[in-house]
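Notes follow once the structure below has been shown.
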2 protein chains.
Amino acid sequence: MSERKSETRKRILAAAGRVLAERGPGDPAVAEVMAEAGLTVGGFYAHFASKDALMLEAFRLLLRVRRERLAQVDQSLTGRERRVLLAAFYLSRRHRDDNDERCPLPSSLAEIARLPDGFRQTLAEHIELMTAQMSGAPEEGDVALADLALMIGGLALARALGPGELSDRVLRAAKSAVV
Amino acid sequence: MSERKSETRKRILAAAGRVLAERGPGDPAVAEVMAEAGLTVGGFYAHFASKDALMLEAFRLLLRVRRERLAQVDQSLTGRERRVLLAAFYLSRRHRDDNDERCPLPSSLAEIARLPDGFRQTLAEHIELMTAQMSGAPEEGDVALADLALMIGGLALARALGPGELSDRVLRAAKSAVV
DNA sequence: AATACAATATTACGACCATCATATTAATTT
DNA sequence: AAATTAATATGATGGTCGTAATATTGTATT
């Protein structure tokens with residue numbers, strides 16, 4: 001595989017990641033993803049075996065990048081401090097409204113039950129790794145799990161409500177409920 | 001409108017509610033809803049103006065029924081007691097796995113941003129009414145809001161993970177995090 | 001310059017979808 | 001029994017989708 005081809009592959013993957021994070025793995029059409037990557041639909045199957053394969057790889061990549069970013073916070077912080085810090089970003093209006101760097105979970109969770117098994121496995125692995133990073137000791141695992149649910153639910157709710165007073169209140173309320 | 005026709009209308013509405021609660025308003029096809037109601041697709045547009053109109057009405061109805069059910073719990077309970085009781089049901093394995101009486105929010109939230117405005121308004125109204133029912137005093141509004149986010153996120157996550165150990169842990173962790 | 005590879009535009013297939021129409025049968029009402 | 005209304009089966013329309021093939025143009029490498 002040439003340099004050029006693998007670069008194009010990455011472009012498609014990044015484009016898929018952007019639309020996936022906004023609308024989930026199912027809704028965006030292949031042609032739309034290719035257009036987002038500045039390409040046409042013609043050569044898609046030279047790069048990926050199917051739409052599902054593309055979306056699964058994009059999903060995996062998005063989650064891995066997000067974990068790597070979280071891993072870079074100061075290691076001297078306690079578990080709780082890490083969770084509060086994460087929630088401050090995760091439940092910000094920025095993260096609700098912005099197009100870039102979105103967490104794909106709020107838009108994807110509902111679909112995952114109807115998608116190939118790899119999606120579920122990827123999700124499960126992500127949840128385990130995230131809770132590990134969000135807790136100082138193993139006993140904190142359950143509060144980390146609950147905080148994850150709170151953050152995902154809060155963001156999903158705030159996004160569904162759209163920008164506005166009630167949506168802002170959801171974000172604030174969820175932030176101050178972090179354990 | 002005859003008795004028979006309005007009965008049929010209700011059947012369609014109930015069928016739509018069932019599939020909506022499981023898969024959201026967008027995914028199920030009109031023909032599938034009609035089949036679920038024991039009918040064929042032919043006469044659908046004699047009852048509803050469009051698929052969106054049907055799904056919006058089904059959505060509204062589902063949420064209203066859920067609020068009415070919550071309103072029947074003992075009025076002498078404190079806000080916190082009501083929230084714990086609600087969470088015990090909402091975050092049960094029953095509610096995760098069963099087909100009947102599902103909360104439609106985990107499956108619908110992500111789509112609402114891309115649906116007609118009525119969905120968003122219906123959601124906003126539901127959230128306000130729910131938090132009011134879930135709090136004893138107005139100052140409790142924000143913890144009720146956070147608990148809602150926690151419950152919806154926890155259930156969405158548990159459903160995406162499918163039955164299993166991790167999924168069960170999510171439910172338990174979220175339940176014990178209710179404020 | 002020649003060769004190999006990648007992206008292009010275009011077109012097609014078969015499947016599904018929402019929506020609508022039609023002609024027929026069944027049920028209800030008068 | 002007659003008249004009205006509802007549900008039926010069936011199929012058409014026009015759209016979108018995933019997937020695939022083709023022939024052409026452009027780019028890289030040798």
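Throughout, protein chains are lettered first and strands after them, A, B, ... in sequence-line order, and every chain is numbered starting at 1.
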Pull out every protein N or O sitting under 3.5 Å from an N or O of nucleotides 14-16 of chain C, one pair per line with the distance.
none

Working to the nearest 0.5 Å, report the span between CD of Glu111(B) and CE of Met55(B). 9.0 Å

With ILVMFWY side chains joined below 4.5 Å, transitively, what does Val178(A)'s cluster contain besides itself? Val84(A), Leu150(A), Val84(B), Leu150(B), Val178(B)

Nearest-Å distance for atom pair CZ/C1', residues Phe44(B) and dA6(D): 16 Å

Check the phosphate of dA7(D) against Thr40(B), side-chain N and O only, distance under 4.0 Å to OP1 or OP2. Yes or no? no

Can we say Arg23(B) and Glu32(B) salt-bridge, meaning some charged N sits less than 4.0 Å from an Asp/Glu carboxylate O? yes

When you measure from the side chain of Leu39(B), which nucleotide among dG18(D), dA7(D), dA18(C) comes out closest? dA7(D)

Nucleic acid contacts of residues 15-24 of chain A, taken as heavy-atom distances under 4.0 Å to DNA chain D: none

Would you say Asp74(A) and Ser76(A) are linked by a side-chain donor-acceptor pair, where the criterion is simply a distance under 3.5 Å? yes

Using atom types as modelled and distance alone, determine if a side-chain donor or acceptor of Ser107(B) lies under 3.5 Å from a backbone N or O of Ala110(A). no

For Glu7(A) and dA7(C), give me the distance from atom CD to atom P, rounded to whole Å. 11 Å

Applied to residues 170-179 of chain B, the side-chain hydrogen bond (donor to acceptor under 3.5 Å, both in side chains) test, sequence neighbours excluded, yields none

Test of understanding: with salt bridge (Lys or Arg N to Asp or Glu O under 4.0 Å), list the residues that count as partners of Arg60(B), not counting sequence neighbours. none

Heavy atoms under 4.0 Å, any strand shown: does Gly26(B) hit a base, just sugar-phosphate, or nothing? nothing

In whole angstrom, what separates Phe48(A)'s CZ from dT19(D)'s P? 13 Å

To the nearest angstrom, the CG-C1' distance between Asp27(B) and dT16(D) comes to 15 Å

Under the 3.5 angstrom rule, does the side chain of Arg169(B) hit a backbone N or O of Asp142(A) as a donor-acceptor pair? no

When Ala49(A) and Glu32(A) are each assigned the nearest nucleotide of DNA chain D, the 5'-most assignment goes to Glu32(A)

Does this structure show an ion pair linking Asp97(A) with Arg93(A), if we count only N-O contacts that are shorter than 4.0 Å? no

CE of Met34(A) versus C1' of dT10(C): gap in Å, rounded? 15 Å

So, OP1 or OP2 of dA20(D): does either fall under 4.0 Å of a side-chain N or O from Tyr45(A)? no

Atom CZ of Arg11(B) and atom C1' of dT8(D): how far apart are they, to the nearest Å? 13 Å

What pairs with Ala124(B) under side-chain contact (heavy atoms from CB on, under 4.5 Å), at least two apart in sequence or on another chain? Leu161(A), Leu166(A)

Rounded distance (Å) that lies between atom C1' of dA6(D) and atom CD1 of Ile12(B): 11 Å

So if I take every side-chain heavy atom of Lys51(B) and compare against dA18(C), dA9(D), dG18(D), which nucleotide ends up nearest? dA18(C)

When you check the phosphate oxygens OP1 and OP2 of dA7(C), does a side-chain N or O of Thr8(A) lie under 4.0 Å from one of them? yes

So, is His47(A) close to the dA6(C) phosphate, meaning a side-chain N or O under 4.0 Å from OP1 or OP2? no

